[in-house]
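Below is one structure, written out as structure tokens; the observations come after it.
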Amino acid sequence: MSLLYADKTILLGVCGSVAAYRACDLASQLAQRGATVLTALTKSARQFILPASFEAVTGQPAITEMFSPLPAPGVEHIAVAQRADLFLIAPATANILAKAAHGIADDWLSTTLLATRAPVLFGPAMNTAMYEHPATQANMALLKERGALFVGPASGNLACGSDGVGRLADRDDILDAVAVALHKDKDFAGRRVLITSGPNHEPIDPVRFIGNRSSGKMGRALALEALRRCAQVCVVSGPVEVKPPAAAEIVPAATAAQMREAVMARLDQCDVVIAAAAVADFRAEQVSERKIKRDGNKRTLTLAPNPDIVAEAAARKRPGCKVVGFAAESHDIASNAAGKLKEKGLDMIVANTVGGDANAIGADTSAAWMLMPGKEPTSLGCIDKTSLAKRIFDCIRELP
Ligand code: CTP
């Protein structure tokens with residue numbers, strides 16, 4: 001795992017919830033990414049999990065008491081408040097949200113929260129009724145208004161035996177939110193970015209489909225980058241292997257026709273459209289309602305062409321909207337991509353190599369080129385998809 005957060009200090013506040021044990025895995029993941037993770041457990045959290053668990057996975061002292069025993073050097077509350085790059089409170093109970101909203105400082109965590117100027121990210125976890133209570137909702141609204149960030153809660157089975165909203169968000173969704181919070185830029189604030197992502201599944205019969213090897217990794221990296229830059233993000237997503245970040249609006253679209261419909265319905269509200277999906281170029285002309293039986297005979301499947309979504313988006317976009325496409329090419333990469341840039345009427349195209357040793361489909365890296373009308377193609381060499389997403393947004397920002 002890359003030491004992405006080697007220069008970061010994260011204060012992980014753990015409150016009294018059954019989900020407290022999940023914070024330990026979170027602490028471990030953050031430490032593995034190189035962060036200095038200081039954990040503070042409230043008195044109620046210590047009913048659920050021991051400080052020693054956090055100390056073992058982070059290699060740092062866990063903070064439990066305000067005054068006694070004497071805090072270890074560097075973990076006194078004002079020192080931590082000033083030193084932390086991020087306060088992550090997960091699980092965050094209704095109680096800590098209420099205290100944070102009203103400036104109550106009656107233990108180490110709430111006092112330090114009041115003293116910090118670092119970004120604060122809450123991962124709420126509580127019973128549905130407590131979460132939906134007007135007091136909790138009002139406290140969250142107040143905190144959001146002041147700039148606090150939230151991830152989750154998710155829906156599902158709750159400790160109280162009921163099923164509903166209130167579960168601590170999934171670990172990976174919290175890690176995404178941390179990545180966004182730690183490196184926030186505001187250059188796309190207020191801009192609405194729509195990203196198509198992943199493959200399509202074009203049905204043949206109730207059990208079979210035509211698909212491709214796209215994983216959704218590029219779409220996910222683009223969505224995270226857009227969120228990091230404070231854009232409002234919508235991902236129109238095919239059936240992907242890696243799901244888009246939870247902070248984006250996610251619109252599932254299995255077939256090219258569904259993807260087209262979802263894009264066109266939102267096009268008027270978009271400032272940027274990025275077509276990262278590996279759209280199925282063809283669909284079965286006839287979809288059998290019954291399972292096609294294996295009878296030993298040869299079968300012929302007639303394929304009908306699908307609409308070109310990105311070309312239509314470029315033709316129908318509102319003035320000022322930027323439309324960016326990808327080109328998956330196995331040969332003559334730059335010249336084929338230049339052709340697509342022109343034919344589809346795009347503002348920019350990113351060419352990826354597919355097939356061979358540098359196959360971008362399903363991989364974490366891509367041998368990429370960037371092309372804009374009237375400019376020479378730029379080779380980016382072999383680049384990881386996170387860095388590629390960053391380069392793409394840097395370029396979109398500069399588009400005329
Ligand atoms: N695209 C699209 N709708 C399609 C096909 C492609 O919106 N029916 C978009 C892709 O999301 C990508 C760009 O067009 O942004 C280029 O896709 P690519 O697969 O490289 O090219 P195609 O246009 O499908 O042409 P070919 O398969 O012949 O290379």
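Just so it is clear, the structure is predicted and the values come from calculations on it, not from any experiment. Note that these values count all heavy atoms, side chains included, but never hydrogens, waters or copies made by symmetry.
- Taking 4.0 Å as the cut-off between side-chain N and carboxylate O, R220 and D176 count as a salt-bridged pair.
- Classification of K322 and D271 as a salt-bridged pair fails, no side-chain N sitting under 4.0 Å from a carboxylate O.
- Applying the ring-ring contact (aromatic ring centres under 6.0 Å, His included) rule to F150 yields the partners F122; only residues at least two apart in sequence or on another chain are considered.
- Between the side chains of Q32 and S28, a donor-acceptor pair is found at a separation under 3.5 Å.
- With respect to the salt-bridge test (charged N to carboxylate O, under 4.0 angstrom), the residues D295 and R299 qualify.
- Side-chain heavy-atom separations under 4.5 angstrom define the hydrophobic clusters, and the remaining members of the one that includes W369 are L194, V236, V251, M259, V263, M264, L267, V273, V279, I309, V310, V323, I333, L341, L346, I349, L371.
- E329 has a carboxylate O that lies under 4.0 Å from a charged side-chain N of K340, or vice versa, which qualifies the two as a salt bridge.
- No continuous path of hydrophobic side-chain contacts links V287 to I210 [ILVMFWY only; heavy atoms under 4.5 Å].
- In summary, K243 and D173 engage in a salt bridge, as defined by a charged side-chain N under 4.0 Å from a carboxylate O.
- T112 places no side-chain N or O within donor-acceptor distance of the main-chain N or O of A81, the cut-off being under 3.5 Å.
- No hydrogens or angles considered: nothing links the side chains of T255 and N200 as a donor-acceptor pair under 3.5 Å.
- Judged by distance alone, with hydrogens and angles left aside, the side-chain atoms of K385 form a donor-acceptor pair with the main-chain N or O of A363 at under 3.5 Å.
- One N or O on the side chain of N212 and one on the backbone of A278 form a donor-acceptor pair closer than 3.5 Å.
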Worksheet entry | Residue pair Y21, F48: steps toward the ring-ring contact (aromatic ring centres under 6.0 Å, His included) verdict | CA-CA 7 Å; Y21 77 94; F48 292 94; 9.6 Å; no

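- Environment of CZ in R294: sparse, with no more than 12 heavy atoms of neighbouring residues, nucleotides or ligands closer than 6.0 Å.
- Residues S110 and D107 have side chains that bring a donor and an acceptor to within less than 3.5 angstrom of each other.
- In this structure, the side chain of R260 does not engage the main chain of D308 through any donor-acceptor pair within 3.5 Å.
- With salt bridges taken as basic N to acidic carboxylate O contacts below 4.0 Å, one links D25 and R171.
- Between D106 and K99 there is a salt bridge, since a side-chain N of the basic residue sits under 4.0 Å from a carboxylate O of the acidic one.
- Qualifying side chain to side chain donor-acceptor pair (under 3.5 Å) partners for D85, counting only residues two or more places apart in sequence or in other chains: none.
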Worksheet item: Is there a salt bridge (Lys or Arg N to Asp or Glu O under 4.0 Å) between R229 and D187 once you walk through the steps?
Response: CA-CA 6 Å; R229 294 173 184 242; D187 56 353; 2.8 Å; yes

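- A donor-acceptor pair under 3.5 Å is absent between the side-chain atoms of R391 and the main chain of S387, judged by distance alone.
- A donor-acceptor pair is defined here as one N or O able to donate and one able to accept, closer than 3.5 Å; such a pair exists between the side chain of R318 and the backbone of C270.
- Panel note: side chain T365, backbone D384; no donor-acceptor pair is recorded below 3.5 Å.
- Here R228 pairs with D185 in a salt bridge; the nearest charged N to carboxylate O distance falls below 4.0 Å.
- Looking only at distances, no side-chain donor or acceptor of N352 sits under 3.5 Å from a matching main-chain atom of A328.
- Within 6.0 Å of CD in E55 there are more than 12 heavy atoms belonging to other residues, nucleotides or ligands.
- S197 places no side-chain N or O within 3.5 Å of a backbone atom of S237 that could act as its donor or acceptor partner.
- Salt-bridge annotation for K293 and D205: absent, with no side-chain N of the basic residue lying under 4.0 Å from a carboxylate O of the acidic one.
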